[in-house]
Amino acid sequence: MSETRVHFYQVGSFAVGNRLLSADERTVQSDRRRTNSIDSGHRACQGCGEALGARYALDAAMQATGGQLVAVNATGCLEVFSTPFPETSWQIPWLHSLFGNAPAVATGVAAAMRVKGRDQVRVVGQAGDGGTVDIGFGTLSGMFERNDDVLFICYDNEGYMNTGVQRSAATPPAARTATTDAVGPEPGNPFGQGKDLPRIAMAHGIPYVATATVADLHDLERKVERAMSFHGARYLHVFVPCPLGWGAASSETIHLARLAKETGIFPVYEAEYGEVTGVTKIRRPAPVTEYLRLQRRYAHLFGHPGRPDVVARLQAMADANIARYGLLATEEDE
Amino acid sequence: MDRPFAITLDVGTSRANHTGSWRIERPVYVDRLPPCNDACPAGENIQGWLYHAESGDYEAAWRTLVEENPLPAVMGRVCFHPCETACNRVQVDEAVGINAVERFLGDTALERGWSLPAPGPDTGHKVLVVGAGPAGLSAAYHLRRLGHAVRLVDSSPRLGGMLRYGIPAYRLPRAVLDAEIDRIVALGVEVVTQHPVLDIEAEQHACGADAVFLAVGAQLGKRVHIPAGDSTKVVDAVSFLHQVADDDPPLLGRRVVVYGGGDTAMDAARTARRLGATDAVIVYRRNRDKMPAHPEEVEQALGEGVTVRWLSTVERFEGGRLVLERMRLTPDGLPEPTGEYDELDADALVLALGQDTDLSLLEGAGAVTVSNGVVEVGLQMMTTQPGIFAGGDVAPSDRTATVAVGHGKHAARGIDAFLRTETPAGPERHALASFDRLNTWYYADAPRTRRPELELVRRQTNFEEVVHGLTEDNALFEARRCLSCGNCFECDNCFGVCPDNAVIKLGPGERYAFNYDFCKGCGICASECPCGAIEMVPERI
């Protein structure tokens, strides 16, 4: 009889923690002593993916640096809901200057620390997708080009949410926003526009670029830890669903992030010095409709008559991602 | 206050902002009834003992198990595990091998000599238990734990009832049965064997018992009239198996035909094979779909070379020749004769057509209602005569050992309430933890571990146990396949996924609490809870 000796726990590698796992196999988030970088009482909407993503990433960075961390924040939801004067939710050193200059400010903080001989203090710059792919794009590209010692994190909720859900260059095609109405022959955001910032970052040849979602905590924390092991410019793009802007139930935030990854709509991978070094495979493949139907920003694609042709184009984009990054699990992976 | 230029307010923490006021629904931790527990006729807390087994604490697991059932090594072998049929994991890959883990725990307990919990403080009451089968043994155990004195009487020389005299040794080794029975007797049960009870009331008065539990089982094999010649051998399966258990097997010859389609028919045919029959043929009047025997038993019998004549009835048996009539099924699934006949050579015919109860001992107890050969009982297993309880095969229910164990437990609790002149508390049941409440994404993929079976050739000729137990590795693996439906197992998901840090982790074994000052009621914790142990409840505004 063959023995199956499997390192197996009910929920070992997917859930936040597990009472049976040894401490070093658990996530930072499962620890009662986690930093809680962004504290209770912040004014993010119910089910905010960005509040969650920021805590995940910064707590992991605090753990990786032994608490020697400064965060610089661009204007955006994250900044607005966490610091309505005179209150602050931040339990780490935190700076805010302008919408477009967070990468430059982060560069400055890193330079100041170096000058003061405090090289052990690490710097994280963070922004939403608007502050990253649109307004802060120039300073970010400069930070990449100079290879400044900053980890820049983009929390991508695919639009300008706190100002009223306007389109950004990270808004996906066909999505309805306040500025891309669901009318006409090409309803919602047009196809063929927008920026794929992780690939743009890779094109700079910086040491580390990675994408992640709030649905896979183990993967996200590992990538933050990996990023902190490099010096120089690093970029982390975290997919964070927005219940308000996407027209989804607040309880579906993590489910949506998981579906974005499982459908191939949001490829999860990492790259070093411009080359992809790892992809997170799809575990339970799903058609894009499963993801789209949960969001009112795509409601115009369904119903009668609906727009099956547009859905097919979105599916084709997901399929192209699957092919480009090799997201489907092969026999060897199992 | 000395503030910087143009600053009029002190800096404060956002904790001053109680976002809990936004909430229209609040998350609440709940415990739901896992489907395995719901389906267990013995009322075991299966999810509860698997929880301990998952961490490798087999003793705690076994102790949780024997809270409800004192015979885990026996039930881990003979139970038809309705728990596994109900298991939610069926819809993910395969059911958790609950029965195999139960057996592993039972065997481990015997190996390491763990003893049952001590009897409760003496109440001064005495209970007469008639019949030492699974129902009687279970009742004796639970009554002792409740502090009542127990007198356990049985007509046979040894305890165990149908576990010993009905179930062949290749399914239940006698050493295992003896060990588990001894452990119950060691709790201070007064045992009287070879003591047939002829009048229940007289017996009760003679021994001064305050209550009686009647569990004499269904010992009479049903007979039908089959015209048979003088030289032919016709026996009933119950007596046949009893004789084999007594080491006094009847000589049936080389060609044995078993008439019937239940588990007893399978046992009889497989036993006949082991006693040297070259042909063991089961004659059954309907088809395989309609067969009452459990599919595993049928599978094992066929695997051992037992053959089946489907859609046939026995017409007569003369001079080594059996005449069978072919049947066909009506659209309602009932067999009807076709008028066509077959012949079959046979040395003996074993009748396995069901069993009847012998309730003549109740003739003196006029107030006990008997209908259709079974005793009417209420919720707490009390008959229509106060103080007399009944369970096992004499009560109306499925006739399995596990049902009997459950009856024994319920009766013991009913008797306890009766003796204390309390109204028995109705069982409190949680809502069912159905599959749609689970978030199965989080569970690791893991197919089921199978128990190794004795190679075919060996098991045709001896009474060695056919199905072997799991190794510790496998048992642990199997236990960890449990989804813990409806009951928190501390995976930290709620603690991790709350965007507002409004979940408080209380530490190992203490689970979690919500901080309603800050919980906005988004519901992520409820939808990401793997086991469905969080419910969203509307706020009263």
Side-chain angles (χ1 to χ4, degrees), chain A residues 1 3-6 8-20 26-27 29-32 34 36 38-53 55-56 81-91 214-215 217 243 249-255 258 283-284 334, chain B residues 7 9-19 22-23 54-56 439 441-446 449 452 468 471 473-474 476-477 480-484 489-502 504-505 507-509 515 517-518 520-528 530 536:
Chain A
M1 166 202 153
E3 293 287 305
T4 38
R5 183 138 178 91
V6 184
F8 169 71
Y9 299 101
Q10 283 168 311
V11 290
S13 34
F14 302 105
V16 170
N18 184 318
R19 69 191 170 103
L20 303 174
R26 300 184 197 191
T27 61
Q29 288 301 312
S30 72
D31 191 338
R32 279 194 278 181
R34 72 188 186 202
N36 277 338
I38 176 165
D39 202 6
S40 305
H42 63 71
R43 295 160 192 230
C45 307
Q46 291 165 316
C48 177
E50 188 170 33
L52 195 55
R55 195 187 75 221
Y56 283 177
F81 71 62
S82 63
T83 51
F85 185 80
E87 291 169 11
T88 177
S89 304
W90 296 101
Q91 310 210 72
V214 285
L217 179 62
S250 61
S251 59
E252 294 289 288
T253 297
I254 290 180
H255 185 213
R258 185 182 302 131
R283 179 169 170 233
R284 294 185 186 166
E334 282 158 7
Chain B
I7 300 292
L9 293 168
D10 284 323
V11 176
T13 159
S14 62
R15 288 196 155 256
N17 183 27
H18 284 190
T19 51
W22 302 9
R23 194 172 58 236
E54 282 151 21
S55 64
N439 187 336
W441 168 264
Y442 290 102
Y443 296 103
D445 307 301
T449 320
H468 283 194
T471 61
D473 272 356
N474 281 337
L476 189 65
F477 181 87
R480 286 179 176 177
R481 294 182 65 245
C482 174
L483 306 178
S484 191
F489 57 103
E490 298 184 22
C491 71
D492 294 337
N493 252 21
C494 51
F495 179 63
V497 301
C498 177
D500 296 287
N501 311 344
I504 302 158
K505 182 173 172 177
N515 183 346
D517 282 350
F518 296 108
K520 293 171 184 163
C522 68
I524 295 182
C525 53
S527 65
E528 298 306 318
M536 296 304 290

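In what follows, chains carry the letters A, B, and so on, assigned in the order in which the sequence lines appear, proteins first and then strands, with residues in each chain numbered from 1.
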Student: Looking at A/Ile38, is its backbone amide N or carbonyl O close enough to the side chain of B/Asn501 to form a donor-acceptor pair, meaning the two atoms are under 3.5 Å apart?
Tutor: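 Yes, because the side chain of B/Asn501 sits within donor-acceptor range (under 3.5 Å) of the backbone of A/Ile38.
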Student: Grab the two heavy atoms, one from A/Ile254 and one from B/Tyr442, that are nearest each other, plus how far apart they are.
Tutor: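 For A/Ile254 and B/Tyr442, the tightest heavy-atom pair comes out as CG2-OH, 4.0 Å.
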Student: Heavy-atom pairs under 4.5 Å with chain A - which of B/Cys494, B/Gly509, B/Cys498, B/Ala502 has more of them than the others?
Tutor: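 Ranked by heavy-atom pairs under 4.5 Å with chain A, first place is B/Cys498.
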Student: Side chain from CB out, backbone as N, CA, C, O: work out which of these in B/Asn439 comes under 4.5 Å of a heavy atom of chain A, or both, or neither.
Tutor: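 For B/Asn439, side-chain heavy atoms alone lie under 4.5 Å from chain A.
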Student: Do A/Tyr56 and B/Val497 come within less than 4.5 Å of each other through their side chains, counting heavy atoms only?
Tutor: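 Side-chain contact under 4.5 Å: yes.
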Student: So do the side chains of B/Lys520 and A/His42 get within less than 4.5 Å of each other, counting heavy atoms only?
Tutor: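 In short, these two side chains touch, coming nearer than 4.5 Å.
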Student: So do the side chains of B/Trp441 and A/Arg284 get within less than 4.5 Å of each other, counting heavy atoms only?
Tutor: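 Side-chain contact under 4.5 Å: yes.
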Student: Applying side chain to side chain contact (heavy atoms under 4.5 Å, CB included) to B/Asp492 and A/Gln29, what does each step give before you reach the verdict?
Tutor: CA-CA 8 Å; B/Asp492 294 337; A/Gln29 288 301 312; over 6 Å; no
Student: Has the side chain of B/Asn17 got a donor or acceptor atom that lies under 3.5 Å from a matching backbone atom of A/Gly41?
Tutor: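 Confirmed, B/Asn17 side chain pairs with A/Gly41 backbone.
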Student: Can you measure from CZ (A/Phe14) to CG (B/Asn493) and round to the nearest 0.5 angstrom?
Tutor: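 Between A/Phe14 CZ and B/Asn493 CG, I get 12.0 Å after rounding to 0.5 Å.
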Student: What are the two closest non-hydrogen atoms of B/Pro499 and A/Ala51, and how far apart are they?
Tutor: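 Closest pair (atom of B/Pro499, atom of A/Ala51, distance): O-CB, 4.1 Å.
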Student: So, taking the atom named NE2 in A/His255 and the one named CD1 in B/Ile524, what distance separates them when rounded to the nearest 0.5 Å?
Tutor: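 So the gap between those two atoms works out to 12.5 Å.
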Student: At their closest point, which heavy atom of A/Arg55 faces which heavy atom of B/Asp500, and how far apart are they?
Tutor: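 Minimum heavy-atom contact is NH1-N, 4.4 Å.
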Student: What heavy-atom pair brings A/Arg19 and B/Glu54 nearest, and what distance separates the two atoms?
Tutor: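 So the two residues come closest at NH2-OE1, 3.0 Å.
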Student: So, for B/Thr13 and A/Glu87, which heavy atoms are closest and what is the spacing to 0.1 Å?
Tutor: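 In terms of heavy atoms, the two residues are closest at O-CG, 3.8 Å.
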Student: Can you see which heavy atom on B/Gly507 is nearest to which on A/Arg32, and at what distance?
Tutor: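 Closest approach of B/Gly507 to A/Arg32, heavy atoms only: CA-NH2, 3.6 Å.
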Student: Can you tell if the side chain of B/Glu528 reaches within under 4.5 Å of the side chain of A/Arg258, non-hydrogen atoms only?
Tutor: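 In contact.
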Student: Return yes if some donor-acceptor pair links the side-chain N/O of B/Ser527 with the main-chain N/O of A/Ser251 below 3.5 Å, else return no.
Tutor: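 Yes.
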Student: Counting N and O atoms only, with roles assigned by atom type, does the side chain of B/Ser14 sit under 3.5 Å from a partner on the main chain of A/Ser40, one being a donor and the other an acceptor?
Tutor: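 The answer is yes, because a donor-acceptor pair under 3.5 Å joins these two groups.
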